[in-house]
Amino acid sequence: MNIPSTPFPEVPYYLGLYPVVDSVEWIRRLLEAGVKTLQLRIKDLPDDEVEPAIIEAIRLGREHNARLFINDYWRLAVKHQAYGIHLGQEDLDTTDLLAIHRAGLRLGVSTHDDTELARAASVRPSYIALGHVFPTQTKDMPSAPQGLQELTRHIKQLDGKFPTVAIGGISLDRVQPVMECGVGSVAVVSAITQAPDWRAATAELIKLCPYRDDNHAQR
Ligand SMILES: Cc1ncc(COP(=O)(O)OP(=O)(O)O)c(N)n1
Ligand SMILES: Cc1ncsc1CCOP(=O)(O)O
Ligand SMILES: [Mg+2]
């Protein structure tokens, strides 16, 4: 892993609601619904097939003055100057972190345990994602859900040095207890995409997970 000599660019500690979705269609809908932090997560397609979606998502993100992260496709995200990139632990070994840093993109990194937390922190990313907090149907997870106690412990361990994002099984009724752990933001998939009324769910979630224009955790 090639670690840049300075941290990745800062993002607000309280990023607001952070939906993770798999199409430009969802990106457009959510931006129009007022979402300001979001991720395009398309899995396992060749670069040339996802490139048009990435270009359009980045364009929409800029048009709405939103923070759009691209999952996995870091070369395309750099090429088209996305706001940021989200990477998993295994991606850290195969990604040119120096290229992302040089291009001025923000970086989010997934973590699941203490070892991964230390490894993520060594990269000095823009935010650190913690999860999965609860059981999830959206992604096959090799580890057990960490739960609220472990989430709280990880947030304390980071000591406000990085903005944090909780992910995994966070339904509407679980957002408040998750926020009470001190996390900066909540990332959701099914709470929006599987909701009977996604507009109503998104509006509720935005209220429960406020954005603050501030780089620091409130103590
Ligand atoms: C905000 C956020 N947190 C975690 C993840 C998971 O990323 P990763 O570990 O790279 O797994 P995939 O999403 O690529 O399957 C995420 N995407 N976003
Ligand atoms: C992408 C990802 N990474 C960890 S859990 C997860 C899926 C979260 O989806 P949901 O909010 O539907 O549980
Ligand atoms: Mg990934």
Side-chain angles (χ1 to χ4, degrees), residues 8 11-23 26-27 30 35-45 47 50 54 57 66-77 82-95 97 100 105-113 115-117 119-120 123 125-147 150-151 154-155 158 162-175 177-178 183-196 198 201-202 204-205 208-209:
F8 279 85
V11 299
Y13 188 88
Y14 298 95
L15 275 164
L17 173 70
Y18 184 171
V20 174
V21 291
D22 63 1
S23 70
W26 270 114
I27 295 282
L30 291 170
V35 167
K36 290 291 183 191
T37 303
L38 68 182
Q39 182 186 127
L40 181 65
R41 176 177 180 265
I42 297 177
K43 294 302 292 179
D44 305 326
L45 287 179
D47 276 27
V50 285
I54 287 179
R67 297 169 286 276
L68 176 84
F69 289 86
I70 301 293
N71 185 49
D72 293 351
Y73 294 90
W74 64 271
R75 285 190 185 80
L76 292 175
Y83 176 84
I85 295 175
H86 184 92
L87 295 177
Q89 290 278 323
E90 47 309 336
D91 305 317
L92 290 176
D93 298 318
T94 56
T95 299
L97 295 175
I100 297 173
L105 273 61
R106 290 88 183 159
L107 178 69
V109 177
S110 300
T111 66
H112 306 92
D113 56 33
T115 309
E116 293 188 357
L117 215 57
R119 189 160 181 254
V123 172
S126 310
Y127 73 78
I128 291 184
L130 306 161
H132 53 310
V133 183
F134 301 106
T136 176
Q137 305 293 317
T138 306
K139 177 177 160 75
D140 282 338
M141 302 299 296
S143 52
Q146 64 182 57
E150 195 68 350
L151 176 66
H154 283 155
I155 292 166
L158 289 171
F162 302 95
T164 50
V165 176
I167 188 165
I170 306 178
S171 49
L172 188 55
D173 54 315
R174 285 168 163 164
V175 174
V178 168
V183 77
S185 169
V186 167
V188 298
V189 182
S190 53
I192 290 176
T193 60
Q194 305 295 313
W198 71 265
T202 303
E204 275 304 303
L205 286 161
L208 289 167
C209 188

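Note that ligands are numbered from 1 as they come in the structure, with each ligand's atoms numbered from 1 the same way.
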Peer 1: If you measure every N/O of Gly169 against every N/O of ligand 2, is any gap under 3.5 Å?
Peer 2: yes
Peer 1: Decide yes or no on side-chain contact (heavy atoms from CB on, under 4.5 Å) for Val20 and Asn71, but give the supporting numbers first.
Peer 2: CA-CA 9 Å; Val20 174; Asn71 185 49; over 6 Å; no
Peer 1: Give a yes or no on whether the backbone of Ser110 and the side-chain of Gln89 come within a donor-acceptor separation of less than 3.5 Å.
Peer 2: yes
Peer 1: Treating Thr111 as the side-chain partner and Ala129 as the backbone partner, does any N or O pair qualify as donor plus acceptor under 3.5 Å?
Peer 2: yes
Peer 1: Got Leu97 and Leu107 here, is their nearest side-chain heavy-atom distance under 4.5 Å?
Peer 2: yes
Peer 1: Please say whether the positively charged group of Arg106, taken as NZ for Lys or CZ for Arg, lies over the ring of Tyr83, i.e. under 6.0 angstrom from the six-membered ring centre and within 45 degrees of the axis.
Peer 2: yes
Peer 1: At a 4.0 Å threshold, what atoms of ligand 2 neighbour a non-hydrogen atom of Arg41?
Peer 2: 1 (C)
Peer 1: N/O of Asn71 under 3.5 Å from N/O of ligand 1, yes or no?
Peer 2: yes
Peer 1: Within the 3.5 Å criterion, strictly below it, is a donor on Ser185 or Tyr13 matched to an acceptor on the partner's side chain?
Peer 2: no
Peer 1: The Mg ion (ligand 3) is nearest to which N, O or S atom of Asp72?
Peer 2: OD1
Peer 1: Check whether any N or O atom of His132, backbone or side chain, sits under 3.5 Å from an N or O atom of ligand 2, and answer yes or no.
Peer 2: no
Peer 1: Is there a polar contact between ligand 2 and Lys139, counting only N or O atoms under 3.5 Å apart?
Peer 2: no
Peer 1: Under the criterion side-chain contact (heavy atoms from CB on, under 4.5 Å), I'd like the reasoning laid out for Tyr73 against Leu40: C-alpha separation, chi angles, the key distance, then a yes or no.
Peer 2: CA-CA 10 Å; Tyr73 294 90; Leu40 181 65; over 6 Å; no
Peer 1: Pull out every atom of ligand 1 sitting under 4.0 Å from any heavy atom of Ile167, numbered as shown with elements.
Peer 2: 2 (C), 3 (N), 4 (C), 18 (N)
Peer 1: Which atom names give the shortest non-hydrogen contact between Tyr14 and Val183, and what distance separates them?
Peer 2: CE2-O, 3.9 Å
Peer 1: Would you tell me which option among Asp140, Thr136, Thr193, Asn71 has the nearest heavy-atom contact to atom 13 (O) of ligand 2?
Peer 2: Thr136
Peer 1: Just how far is it from atom CG of Asp22 to atom CD of Gln39, taken to the nearest 0.5 Å?
Peer 2: 11.0 Å
Peer 1: Any nitrogen or oxygen of Ile170 lying under 3.5 Å from a nitrogen or oxygen in ligand 2? Just yes or no.
Peer 2: no
Peer 1: Could you tell me whether some N/O pair between Tyr127 and ligand 1 is separated by less than 3.5 angstrom?
Peer 2: no
Peer 1: Around atom 13 (O) of ligand 1, find the nearest protein heavy atom and jot down its residue, atom name and distance.
Peer 2: Arg41 NE, 2.6 Å
Peer 1: Specify the closest pair of heavy atoms between Ile170 and Val188, including all atoms of both residues, with the distance to one decimal.
Peer 2: O-CG1, 3.4 Å
Peer 1: Would you find a donor on one side and an acceptor on the other, under 3.5 Å apart, between the side chain of Thr138 and the backbone of Val189?
Peer 2: no
Peer 1: Of the side chain and backbone of Gln194, name the one, both, or neither that has a heavy atom under 4.0 Å from an atom of ligand 2.
Peer 2: neither
Peer 1: Taking atom 4 (C) of ligand 1 as the point of reference, which of Gly88, Ser110, Ser185 owns the nearest heavy atom?
Peer 2: Ser110
Peer 1: Distance under 4.0 Å to a non-hydrogen atom of Val188: what atoms of ligand 2 satisfy this?
Peer 2: 11 (O)
Peer 1: Closer than 4.0 Å to some heavy atom of Lys139 - which atoms of ligand 1 meet that?
Peer 2: 11 (O), 12 (P), 15 (O)
Peer 1: Just to confirm my output: which protein heavy-atom neighbour is closest to atom 11 (O) of ligand 2, and how far is it?
Peer 2: Val189 N, 3.0 Å
Peer 1: Would you say the side-chain atoms of Arg174 pair up with the backbone N or O of Gly169, donor to acceptor, closer than 3.5 Å?
Peer 2: yes
Peer 1: For atom 5 (C) of ligand 1, find the nearest protein heavy atom and state the residue, atom name and distance (0.1 Å precision).
Peer 2: His86 NE2, 3.3 Å
Peer 1: Which residue, Val50, Ile70, Ile54, forms the side chain to side chain contact (heavy atoms under 4.5 Å, CB included) with Ile42?
Peer 2: Val50
Peer 1: Have a look at Thr138, Val186, Leu130, Val133 and point out the one with the heavy atom closest to atom 12 (O) of ligand 2.
Peer 2: Thr138
Peer 1: Geometry only, no angles: is Gln137 polar-contacting ligand 2 at N/O separations under 3.5 Å?
Peer 2: no
Peer 1: Should Ile167 be listed as contacting ligand 2, given a heavy-atom distance under 4.0 Å as the test?
Peer 2: yes
Peer 1: Decide side-chain contact (heavy atoms from CB on, under 4.5 Å) for Lys139 and His132; before the verdict, give the C-alpha distance in whole Å, the side-chain angles of both, and the deciding distance to 0.1 Å.
Peer 2: CA-CA 10 Å; Lys139 177 177 160 75; His132 53 310; over 6 Å; no
Peer 1: Does the N or O separation between Glu90 and ligand 1 drop below 3.5 Å for any pair?
Peer 2: no
Peer 1: Have a look at His112, Gln39, Met141 and point out the one with the heavy atom closest to atom 18 (N) of ligand 1.
Peer 2: Gln39
Peer 1: Below 4.0 angstrom from a heavy atom of Asp91, which ligand 1 atoms are there? Numbered from 1 as shown, please.
Peer 2: 10 (O)
Peer 1: Between Lys43 and Asp72 (salt bridge meaning N to carboxylate O under 4.0 Å), is one present in this structure?
Peer 2: yes
Peer 1: May I ask you to list the atoms of ligand 2 that are less than 4.0 angstrom from any heavy atom of Ser190?
Peer 2: 10 (P), 11 (O), 12 (O)
Peer 1: What do the steps show when you test Arg41 against Phe69 for side-chain contact (heavy atoms from CB on, under 4.5 Å), and what is the final call?
Peer 2: CA-CA 9 Å; Arg41 176 177 180 265; Phe69 289 86; over 6 Å; no
Peer 1: Given that the side chain starts at C-beta and the backbone is N, CA, C, O, which of these parts of Tyr18 lies under 4.0 Å from ligand 1, counting heavy atoms, or is it both or neither?
Peer 2: side chain
Peer 1: Is any N or O atom of Gln89, backbone or side chain, closer than 3.5 Å to an N or O atom of ligand 1?
Peer 2: no
Peer 1: Is any N or O atom of Lys43, backbone or side chain, closer than 3.5 Å to an N or O atom of ligand 1?
Peer 2: yes
